[in-house]
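Below, chains carry the letters A, B, ... as their sequence lines are ordered, and counting in each starts from 1.
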Amino acid sequence: MARRYWLMKTEPGTFSIDDLARRPGRRAFWDGVRNYQARNLIRDEIRPGDGVLVYHSGIARPAVAGTAVVVGTAAPDPTQFDRRSPHHDPAADPQSPRWYGVEIELEGIFAKPVTLDELRATPGLEAMVVLRRGNRLSVTPVRPEEWSIVVARGA
DNA sequence: GCCAACGTTGGC
DNA sequence: GCCAACGTTGGC
């Protein structure tokens, strides 16, 4: 199966690409996704080896901050069962988990983050799902051409 | 199955 | 902090 590409949003105040860089092996389990569409992508579509654009949201200048690679298959997100987690889901059943996450490993932090404004202004990126008005999906598919353009601009 | 109310996301 | 957009919940 061909390598595919994704964009994953995170609020850097909660978990940033620098936090990822400091993790052992520069790896982290991408948890806390609580949207069914995004869950379905993680559980059913994302494969080891896929590329990830790590996107910082909720800040003055939202931007793609770097890239990561998927290093595992989807697994139940343990935070759904953790009563002390902000992502705890009282309705989640360990017998049939509702929420999934996936392990990723940092590839590189961009020398120059590719800002949301820049994404909007760059030819070839007009169709990026993350740019759609009202888009709130925390995991969105990225086309190979889009991946190439963004990486070329950031690296 | 409809839809109003509510909660969350995320840019600005 | 505001608010548009959208997802989820729950009464009916």
I want to check something: taking the side chain as every heavy atom from C-beta on, are [X] and [Y] in contact at a cut-off of under 4.5 Å?
| X | Y | result |
| --- | --- | --- |
| Gln80(A) | Pro97(A) | yes |
| Glu145(A) | Val150(A) | no |
| Thr67(A) | Val54(A) | no |
| Val102(A) | Ile104(A) | yes |

(message) Mind checking if Leu116(A) touches a base, just sugar-phosphate, or nothing, with heavy atoms under 4.0 Å?
(response) sugar-phosphate

(message) Does Arg120(A) reach a base, just sugar-phosphate, or nothing at all? Heavy atoms under 4.0 Å.
(response) sugar-phosphate

(request) Keeping to residues at least two apart or across chains, list the salt bridge (charged side-chain N to carboxylate O under 4.0 Å, His left out) pairs with something in residues 37-50 of chain A. (result)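 Counting only pairs at least two positions apart or across chains, the salt bridge (charged side-chain N to carboxylate O under 4.0 Å, His left out) contacts touching residues 37-50 of chain A are Arg4(A)-Glu45(A).
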
(request) For residues 17-38 of chain A, pull every pair meeting salt bridge (charged side-chain N to carboxylate O under 4.0 Å, His left out), keeping only residues two or more places apart or in separate chains. (result) Asp19(A)-Arg22(A), Arg27(A)-Glu105(A), Arg34(A)-Asp77(A)

(request) Just jot down the ring-ring contact (aromatic ring centres under 6.0 Å, His included) partners of Tyr36(A), sequence neighbours excluded, or say none. (result)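 Residues passing ring-ring contact (aromatic ring centres under 6.0 Å, His included) with Tyr36(A): Trp99(A).
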
(request) Could you list the residues that satisfy ring-ring contact (aromatic ring centres under 6.0 Å, His included) with Tyr100(A), not counting sequence neighbours? (result) none

(message) Distance under 4.0 Å to a non-hydrogen atom of chain A counts as contact; along DNA chain B, which nucleotides mark the start and end?
(response)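 Endpoints of the contacted stretch of DNA chain B: dG7(B) to dC12(B).
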
(request) Quantify the bending of the helix from dG1(B)-dC12(C) to dC12(B)-dG1(C) as the angle between its end axes, each fitted on five pairs, to 10°. (result) 10°

